[in-house]
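Beneath this line is the structure, given in structure tokens, with notes to follow.
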2 protein chains.
Amino acid sequence: MKLNTKTRYAVMALADMSNFPRKKPVSLRDISLRQSISLLYLEQIFLKLKKNNLVKSIRGTNGGYILNKDPKEIKLSEIFLAIDEKVKTVGCTKESKKGCNGKSTKCITHDLWDELELHINTFFEKKKLSDLAKINQNKIQ
Amino acid sequence: MKLNTKTRYAVMALADMSNFPRKKPVSLRDISLRQSISLLYLEQIFLKLKKNNLVKSIRGTNGGYILNKDPKEIKLSEIFLAIDEKVKTVGCTKESKKGCNGKSTKCITHDLWDELELHINTFFEKKKLSDLAKINQNKIQ
DNA sequence: TCAATACTTGACTATTTTAGTCGGGTATAT
DNA sequence: ATATACCCGACTAAAATAGTCAAGTATTGA
Ligand code: FES
Ligand code: FES
């Protein structure tokens, strides 16, 4: 069970942006340098964020991206959704109308995994971008 | 973020076993048939469960596996540990003493992911095998 | 005794996912 | 004009996943 880099970088980049004034565009180049994330990768990530209206882009010299909302209003769950990252603990898909066992009934673990999924998603619903912007960067030990 | 089949099957198989009397060995063949899990795959999974003392094996005809503890005592976290499945939301490793950014300081998202990891692991600590044994198997909708 | 059952172990593999890169754009400020 | 910076689809190497396979060993019951 792990989180992919795309999602981690997306949150990291947006958190980086939220440390600066809202109005001024932040370039991906700057984010790339500050956060040590590949610029090319960031471009890919920000296209998704833009399509999902989390950021607005400004082209040309001194361009960059600006946050579309106040960091206090941006839920982590929105970022996950934009990046198309889903928490998937159940083995079945709701579309197929079949259990992970291929039968028409739920398997004996289904409700457990469903509960876990809810537990995790609730975390992302409650967490806002503003909650992690000013976190202090202690040394790793 | 998803859960792998090995862990899901491990929990499923143990939950299956916990629906039967403790003393009588349950064969993997039976579990395989009841839960629609590949027998060969189950063998691989149970070797791990055995090495971690969650089950005891009995060879030969009418052999199988028996639970080493009461389902009320078996935490999901123990099963995860046995299967070697870890919840890993941070991008860094604690061993390297470096952040996911390669620097000696934590990245701005580290504490968030750490909190999430704790949140998920707490769930597994609280959940017991007995909590899901008798769950009703409703139709998928 | 001996065949069938069922656990044991390590190696192997196809498929999928991940974590990016690459190339060739377009828009804008100075 | 030219440098900056966003835009977009396609591509790819490497890793992880989800198993299978071969070749055992131990035990029981007929
Ligand atoms: S996880 Fe949904 S049926 Fe098994
Ligand atoms: S997740 Fe630990 S330093 Fe980034």
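FYI, side chains are in, hydrogens and waters are out, and symmetry mates aren't considered; it's all heavy atoms of this structure.
In this structure, A:Phe123 and B:Glu115 have side chains that are in contact, with non-hydrogen atoms separated by less than 4.5 Å.
Side-chain atoms of B:Arg59 come within donor-acceptor range of the base of D:dT25, with a qualifying N/O pair under 3.5 Å.
The CD-C1' distance, from B:Glu43 to D:dT20, rounds to 11 Å in whole Å. Straight-line distance from the NZ atom of B:Lys86 to the P atom of D:dA16: 12 Å, rounded to whole Å. Separating the CZ atom of B:Arg8 from the C1' atom of D:dT17 is a distance of 11 Å, rounded to the nearest angstrom. Between the CG atom of B:Leu47 and the C1' atom of C:dC7 there is a distance of 8 Å, rounded to whole Å. Atom NZ in A:Lys56 sits roughly 18 Å away from atom C1' in D:dC7 (whole-Å rounding). One can place CE of B:Met1 at 16 Å from C1' of D:dA16, the figure rounded to the nearest angstrom. Regarding B:Ile58, its CD1 atom lies at a distance of 12 Å from the P atom of D:dG29, rounded to whole Å. Atom C1' of nucleotide C:dT13 and atom CD of B:Gln44 are separated by 13 Å, given to the nearest angstrom.
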Quick one: do A:Met1 and A:Thr89 satisfy side chain to side chain contact (heavy atoms under 4.5 Å, CB included)? Show the steps, please.
CA-CA 9 Å; A:Met1 258 210 121; A:Thr89 55; 3.8 Å; yes
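Across all strands shown, B:Tyr65 has heavy atoms under 4.0 Å from sugar-phosphate atoms exclusively, and none from any base.
Contact detail for A:Lys128 and A:Glu125: the closest heavy-atom pair is CE-O, 4.3 Å.
Heavy-atom nearest nucleotides on DNA chain C were determined for B:Gly64 and for A:Leu40, and the one closer to the 5' end corresponds to B:Gly64.
Comparing D:dA18, D:dA16, D:dT28 by their nearest atom to the side chain of B:Asn4 picks out D:dA18. Listed candidates were D:dG29, D:dC7, D:dG19. Nearest to the side chain of B:Asn62 is D:dG29. Closest contact between the side chain of A:Thr61 and the listed nucleotides C:dT8, C:dT28, D:dG29 involves C:dT28. Comparing D:dG29, D:dG24, D:dC7 against the side chain of A:Ser57 picks out D:dC7 as the nearest. Closest to the B:Lys2 side chain, of the nucleotides D:dC7, C:dT17, D:dC6, is C:dT17.
An OP1 or OP2 oxygen of C:dT18 is reached within less than 4.0 angstrom by no side-chain nitrogen or oxygen of A:Tyr41. Considering only side-chain N and O atoms, A:Lys50 lies nowhere under 4.0 angstrom from the phosphate OP1 or OP2 of D:dC6. Proximity of B:Ser38 to the phosphate of D:dT20: a side-chain N or O atom is located under 4.0 Å from OP1 or OP2.
Between atom CD1 of residue A:Ile37 and atom SG of residue B:Cys107 there is a gap of 8.5 Å, rounded to the nearest 0.5 Å.
Taking the charged nitrogens against the carboxylate oxygens, A:Lys48 and A:Asp84 have no contact shorter than 4.0 Å, which rules out a salt bridge.
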